Q: 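First the structure, which I've put down as structure tokens, then a few questions once you've had a look.
Predicted model, so just to flag it, every value in this text is computed and none were measured.
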Amino acid sequence: MFTESDYEKLHQIMAESPEKEELLTRLLHSHRMDISTISHEIRNPLTLIYSTLQMIEASNPEVLNIRHWSDLHSDIEYMKQLLEELSAYNNGQRLSPSSTDFDIFLKKFSLSFASSIIETDIEFISQIEPGLPVMPADSIKLREVLLNLLGNARDAVLIQQSTCSNHLDSACNCESNRSLNPGKALTYSPQIHFHAWKEHSNLIISVSDNGCGIAPEHLSSVFEPFVTYKSSGTGLGLPLSRRIIEAHGGTLTVHSEPDLPDCQLKTTFTLTIPIP
């Protein structure tokens with residue numbers, strides 16, 4: 001499977017001449033069709049296997065007590081998720097753009113995400129600046145990108161919260177906050193910031209959090225397919241997100257400083273989309 005750097009090199013070669021562009025375009029199309037076909041052919045029997053397991057459970061409930069039965073369910077669900085994300089990644093550059101009012105789109109989206117974390121301790125701060133553009137975009141795929149970035153931020157702050165609660169010194173390690181409350185331990189307060197604004201001829205959206213951060217040695221590989229540092233991840237969420245943003249002519253970047261105090265924002269993903 002091609003990595004993002006492979007695709008960049010292929011596009012550089014394609015720009016050299018019309019003949020190379022035509023040849024490599026056919027190659028890439030064939031490559032994507034092969035992946036889609038394989039994913040489809042595996043997903044169908046996998047769905048049948050899952051349905052069969054459910055039928056066995058319905059007629060023989062005692063199997064639920066069999067050791068590793070739940071693990072079998074989890075493994076099949078993971079495989080289904082992996083195939084779905086692989087198919088989505090394969091088609092990440094295929095857009096269905098329509099006129100999108102980003103002021104309305106992002107405000108509705110941020111309200112939806114806020115409602116999804118209402119039962120947690122996360123403080124969600126959304127800042128949608130006025131004057132956002134109305135322009136062609138694939139809002140469904142952009143929503144997928146934003147859900148992935150905010151989902152990662154949610155996971156990061158919850159991991160950090162769990163880590164703090166499992167230590168005796170679970171107080172926030174922010175010296176500036178401690179100086180405001182001398183002698184008082186400050187507990188960790190998970191935060192996610194969502195900010196959208198227009199800068200020159202670009203729409204910019206950032207997602208920041210004060211979670212566990214990304215280790216410096218991992219930063220260069222977070223957008224590579226199948227590279228994940230989460231126990232339940234497939235390693236396709238961020239590569240798919242970058243592919244979707246690049247299909248819109250934009251960029252998706254990350255900056256992380258995991259050693260900053262817990263009260264400061266450690267990781268920021270920034271997507272930039274040009275305004276036509």
Side-chain angles (χ1 to χ4, degrees), residues 81 85 102-129 132 139 141-181 184-197 203-215 218-219 222-223 228-238 240-242 244-245 252-271:
Q81 179 188 0
E85 292 191 12
F102 275 89
D103 181 69
I104 296 173
F105 169 64
L106 293 176
K107 284 180 179 177
K108 286 184 177 179
F109 173 82
S110 63
L111 285 173
S112 175
F113 180 77
S115 66
S116 73
I117 58 172
I118 198 168
E119 299 297 329
T120 71
D121 296 326
I122 299 172
E123 180 184 6
F124 179 59
I125 301 172
S126 176
Q127 186 177 359
I128 312 296
E129 303 286 357
L132 296 186
S139 59
K141 288 192 173 180
L142 286 180
R143 179 181 176 84
E144 186 176 353
V145 171
L146 296 175
L147 279 173
N148 182 61
L149 297 180
L150 284 168
N152 287 345
R154 177 199 59 218
D155 294 343
V157 297
L158 292 179
I159 288 172
Q160 186 69 6
Q161 185 180 43
S162 176
T163 301
C164 287
S165 65
N166 289 332
H167 287 76
L168 294 177
D169 55 343
S170 60
C172 171
N173 64 1
C174 182
E175 293 301 325
S176 61
N177 277 357
R178 197 182 305 281
S179 65
L180 296 176
N181 297 271
K184 182 179 179 180
L186 299 173
T187 57
Y188 173 72
S189 177
Q191 292 185 358
I192 298 175
H193 290 221
F194 181 71
H195 187 196
W197 70 99
L203 168 66
I204 303 177
I205 303 172
S206 67
V207 175
S208 306
D209 67 76
N210 67 336
C212 52
I214 303 172
H218 295 160
L219 275 175
V222 295
F223 292 111
T228 181
Y229 302 102
K230 299 196 302 183
S231 58
S232 59
T234 63
L236 287 172
L238 287 175
L240 171 60
S241 296
R242 171 173 273 187
I244 290 172
I245 297 304
L252 175 60
T253 59
V254 60
H255 177 78
S256 187
E257 296 184 56
D259 294 330
L260 286 175
D262 289 337
C263 58
Q264 294 186 25
L265 298 175
K266 300 180 183 179
T267 302
T268 299
F269 282 87
T270 305
L271 64 89

Q: Test of understanding: with ring-ring contact (aromatic ring centres under 6.0 Å, His included), list the residues that count as partners of H193, not counting sequence neighbours.
A: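 For H193, no residue satisfies ring-ring contact (aromatic ring centres under 6.0 Å, His included) once neighbours in sequence are set aside.
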Q: For side chain to side chain contact (heavy atoms under 4.5 Å, CB included), just list the numbers for I122 and L158, CA-CA rounded to whole Å, side-chain angles, deciding distance to a tenth of an Å, and then say yes or no.
A: CA-CA 8 Å; I122 299 172; L158 292 179; 4.1 Å; yes
Q: Please report the closest heavy-atom contact between Y188 and V157, naming both atoms and the distance.
A: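 Taking Y188 first and V157 second, the nearest heavy atoms are CE2-O, 3.6 Å.
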Q: Is there any salt bridge (charged side-chain N to carboxylate O under 4.0 Å, His left out) pair reaching into residues 111-125, and which pairs are they, with sequence neighbours excluded?
A: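 The answer is none; no pair qualifies.
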Q: Which heavy-atom pair separates P258 from K266 by the least distance, and what is that distance?
A: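 Between these two residues, the closest heavy atoms are O-NZ, 3.7 Å.
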Q: Taking salt bridge (charged side-chain N to carboxylate O under 4.0 Å, His left out) as the definition, give me every residue that meets it alongside D103, ordered by chain and number, with sequence neighbours left out.
A: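 Partners of D103 by the salt bridge (charged side-chain N to carboxylate O under 4.0 Å, His left out) criterion, ordered by chain and then number, come out as K107.
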Q: With rounding to the nearest 0.5 angstrom, report the CG to CD1 distance, L240 to I245.
A: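 The CD1 atom of I245 is 9.5 Å from CG of L240, to the nearest 0.5 Å.
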Q: Could you list the residues that satisfy side chain to side chain donor-acceptor pair (under 3.5 Å) with T268, not counting sequence neighbours?
A: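 Result, side chain to side chain donor-acceptor pair (under 3.5 Å) vs T268: S208.
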Q: Kindly write out the residues that satisfy side chain to side chain contact (heavy atoms under 4.5 Å, CB included) with S241, not counting sequence neighbours, or none if the list is empty.
A: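 In terms of side chain to side chain contact (heavy atoms under 4.5 Å, CB included), with neighbours along the sequence ignored, S241 is linked to V145, N148, L252.
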Q: For E129, which residues count as a side chain to side chain donor-acceptor pair (under 3.5 Å) partner, sequence neighbours excluded?
A: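 Side chain to side chain donor-acceptor pair (under 3.5 Å) list for E129, sorted by chain: Q127, H195.
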Q: Can you tell me how the ring of F105 sits relative to the ring of F102, calling it parallel under 30°, perpendicular over 60° and tilted otherwise?
A: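 Perpendicular: the ring planes of F105 and F102 meet at over 60°.
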Q: What is the distance from atom CD1 of I125 to atom CD of Q191, rounded to the nearest 0.5 Å?
A: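 I125 atom CD1 to Q191 atom CD measures 5.0 Å (nearest 0.5 Å).
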Q: Is there a donor-acceptor contact under 3.5 Å from the side chain of S116 to the main chain of F113?
A: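 Here the side-chain-to-backbone pair exists.
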Q: Atom CG of L150 and atom OG of S112: how far apart are they, to the nearest 0.5 Å?
A: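 Between atom CG of L150 and atom OG of S112 there are 10.0 Å.
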Q: S126: which residues meet the side chain to side chain contact (heavy atoms under 4.5 Å, CB included) condition with it, sequence neighbours left out?
A: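 Per chain and number, S126 pairs via side chain to side chain contact (heavy atoms under 4.5 Å, CB included) with S110, F124, I128, F194.
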Q: Sequence neighbours left out, what passes side chain to side chain donor-acceptor pair (under 3.5 Å) with D209? Give chain and number order.
A: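 Checked D209 against side chain to side chain donor-acceptor pair (under 3.5 Å); zero matches.
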Q: Report the residues that fulfil ring-ring contact (aromatic ring centres under 6.0 Å, His included) with F269, sequence neighbours left out, ordered by chain and then residue number.
A: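 ring-ring contact (aromatic ring centres under 6.0 Å, His included) list for F269, sorted by chain: empty.
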Q: Find the distance between CD (E144) and CG (L149) and round it off to the nearest 0.5 Å.
A: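 Reported to 0.5 Å precision, the distance equals 11.0 Å.
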Q: Please round to the nearest 0.5 Å and tell me the distance separating atom CD1 of I192 and atom CD1 of I117.
A: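 Reported value, rounded in 0.5 Å steps: 5.0 Å.
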Q: Could I get the full list of side chain to side chain contact (heavy atoms under 4.5 Å, CB included) partners for L111, not counting sequence neighbours?
A: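 So L111 forms no side chain to side chain contact (heavy atoms under 4.5 Å, CB included) with any residue.
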Q: What are the two closest heavy atoms between S189 and N210, and how far apart are they?
A: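 Nearest heavy atoms, S189 then N210: O-ND2, 3.0 Å.
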Q: How would you list, by chain and number, every residue that makes a ring-ring contact (aromatic ring centres under 6.0 Å, His included) with H255, sequence neighbours excluded?
A: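 So H255 forms no ring-ring contact (aromatic ring centres under 6.0 Å, His included) with any residue.
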Q: Which distance, rounded to the nearest 0.5 Å, do you find between the CD1 of I244 and the CG of L271?
A: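 Going from the CD1 atom of I244 to the CG atom of L271 covers 11.0 Å.
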Q: Testing the basics here: between L265 and L260, what is the closest heavy-atom pair and its distance to 0.1 Å?
A: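 L265 and L260 have their closest heavy atoms at O-CD1, 3.6 Å.
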